[in-house]
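In what follows, a structure is listed as structure tokens, so that the remarks can point back to it.
All values reported here derive from a predicted model rather than from experimental measurement. Worth knowing before you read on, the calculation uses all heavy atoms, side chains too, and leaves out hydrogens, waters and symmetry mates.
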Amino acid sequence: MDATLSSLLRIVASGIRAREQEIDLISHNIANLQTTGYKRFQAITESVALPLPKEGGEGWEWQPEGTRLAATRRVVLQGAIEPTERAWDLALDGPGYFQVQLSDGTIAYTRDGAFRLDAEGRLVTADGKLVLPPITIPADAREVYVDRDGAVLVQVNGQVQQVGAIQIARFSNPAGLQAIGGSYYIATAASGPAQVAQAGSPGYAEIVSRALETSNVDLSTEMVSLLITQRAYGVSLRALQMVNRMYELAVEIQA
């Protein structure tokens, strides 16, 4: 194949791959529209070019090599808070994450506050992971409430007492957390270590009781992005067809 056609084909193919990855990311965001506490991802694409010596050997010029998906960035903006009136639904209003313990003892982080009590009266996630630090509700508690500063209050025999406090983990770079599925994240070198304090402390999220944080996916924004990306994908496909036709003509001429 002619070197120029080969270069064109490489550029077009890279654009198709980048648009496919972008469409996958947007589709993932839309699929998680209803996922509690989900944070949308944003694709970052960039043009690639290689330096080549100019004809005559003086100076350099940049030759386009196509487009690539350079990175994906998690957008950690706050989601809307919607009341549910369920006793153990807790939403975070501000920066930070709940801490939970995985089955292997690893500490993970989540903004999904759809909690419940297990058979031992401990506060756990919907799929049974222990909320840290552990909070146990007395079996004879009648009324329960979590204050904005994380204080867990229960009423026993007509008396209100505090049985624990929700603690929040913050990170210097929350976008660097690694998603492990199920709305859980683990700390990485990019995120930095967890900095833990009671909810409502300066710089830490407050608790909104009987409510959940929605995802921060805006359907109209994602649909517009999807349409724009699909259009660019279609243009790349047509360009591929044109390059293929040029190649066929080149072969016919040489025959």
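- The two residues Lys39 and Asn216 come nearest to each other via the heavy atoms CA-OD1, 3.3 Å.
- A donor-acceptor contact shorter than 3.5 Å is absent between the side chain of Arg111 and the backbone of Glu213.
- Shown are Leu117, Leu132, Val100; of these, the side chain to side chain contact (heavy atoms under 4.5 Å, CB included) with Leu123 is made only by Leu117.
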Original post:
Under the side-chain contact (heavy atoms from CB on, under 4.5 Å) criterion, do Ile135 and Phe115 qualify, and how do the steps go?
Top reply: CA-CA 12 Å; Ile135 295 172; Phe115 299 140; over 6 Å; no
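- Two residues are said to be in side-chain contact when any heavy atoms from C-beta on lie closer than 4.5 Å; Ser27 and Leu25 fail this criterion.
- Side-chain contact check for Val124 versus Arg116: some heavy-atom pair is nearer than 4.5 Å.
- Note that CE of Met223 and CD1 of Ile30 are 5.5 Å apart. Values are rounded to the nearest 0.5 Å.
- The same ILVMFWY cluster, assembled from side-chain heavy atoms under 4.5 Å apart, contains both Ile26 and Tyr233.
- Note on Tyr145: it does not cluster hydrophobically with Leu90, by side-chain heavy-atom contacts below 4.5 Å among ILVMFWY residues.
- For the residue pair Val217 and Leu33, the shortest heavy atom distance occurs at O-CD1, 3.4 Å.
- Between Phe171 and Tyr97, the ring planes lie perpendicular to each other; the angle is over 60°, past the 30° to 60° tilted range.
- For the pair Phe98 and Lys129, the minimum side-chain heavy-atom distance is 4.5 Å or more.
- Looking at Leu153 and Gln162, their side chains come closer than 4.5 Å, going by heavy atoms from C-beta outward.
- Sparse packing is recorded around CD of Gln159, with 12 or fewer heavy atoms of other residues, nucleotides or ligands lying under 6.0 Å away.
- Remark: the backbone N or O of Leu212 is not paired with any side-chain donor or acceptor of Glu82 at under 3.5 angstrom.
- Looking only at atom types and distance, the side chain of Gln198 has no donor-acceptor partner in the side chain of Tyr204 under 3.5 Å away.
- No more than 12 heavy atoms of other residues, nucleotides or ligands sit less than 6.0 Å from atom CD of Glu143.
- Checked by atom type, the side-chain pair Gln42/Arg73 shows a donor-acceptor distance below 3.5 Å.
- A side-chain donor-acceptor contact under 3.5 Å links Ser14 to the backbone of Thr67.
- Side chain to side chain, Asp112 and Tyr184 fail the donor-acceptor criterion of an N or O pair below 3.5 Å.
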Original post:
Hey, mind stepping through Arg17 and Glu20 against salt bridge (charged side-chain N to carboxylate O under 4.0 Å, His left out) and telling me if it holds?
Top reply: CA-CA 5 Å; Arg17 280 197 300 273; Glu20 286 178 341; over 6 Å; no
**OP:** Run the numbers on Gln99 and Tyr109 for side-chain contact (heavy atoms from CB on, under 4.5 Å), then give the verdict.
**Re:** CA-CA 5 Å; Gln99 303 174 95; Tyr109 307 92; 3.9 Å; yes
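- Remark: side-chain polar atoms of Arg210 are not paired, donor with acceptor, to backbone N or O of Val208 under 3.5 angstrom.
- Between Leu177 and Val76 there is no side-chain heavy-atom pair separated by less than 4.5 Å.
- Checking side-chain atoms of Thr188 against main-chain N and O of Gly176 turns up a donor-acceptor pair under 3.5 Å.
- Remark: Asn157 CG is loosely packed, at most 12 non-hydrogen atoms of other residues, nucleotides or ligands lying under 6.0 Å away.
- Not a single donor-acceptor pair under 3.5 Å links the side chain of Asp89 to the backbone N or O of Glu85.
- When all heavy atoms are compared, the tightest approach of Arg19 to Ala232 is NE-CB, 3.6 Å.
- A salt bridge between Arg148 and Asp93 is present, with a side-chain N of the basic residue lying under 4.0 Å from a carboxylate O of the acidic one.
- Of all heavy-atom pairs between Gly192 and Ser172, the closest is CA-OG, 4.2 Å.
- Residues Val144 and Val152 fail the side-chain proximity criterion, which asks for heavy atoms closer than 4.5 Å.
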Original post:
After noting the C-alpha distance and the side-chain angles of Ile137 and Val163, does the key distance pass the side-chain contact (heavy atoms from CB on, under 4.5 Å) rule?
Top reply: CA-CA 7 Å; Ile137 306 302; Val163 294; 3.8 Å; yes
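- When every heavy atom of Ser183 is checked against every heavy atom of Thr35, the shortest pair comes out as OG-CG2, 3.5 Å.
- No more than 12 heavy-atom neighbours from other residues, nucleotides or ligands sit within 6.0 angstrom of CZ on Arg231.
- With a 6.0 Å radius and a threshold of 12 heavy atoms from other residues, nucleotides or ligands, Gln34 has its CD atom at or below the threshold.
- Within the 4.5 Å cutoff, the side chain of Asp147 has no heavy atoms near those of the Ile207 side chain.
- At a threshold of 4.5 Å between non-hydrogen side-chain atoms, the residues Thr36 and Ser215 do not count as touching.
- Across Val131 and Thr125, no two heavy atoms sit closer than the pair CG2-N, 4.3 Å.
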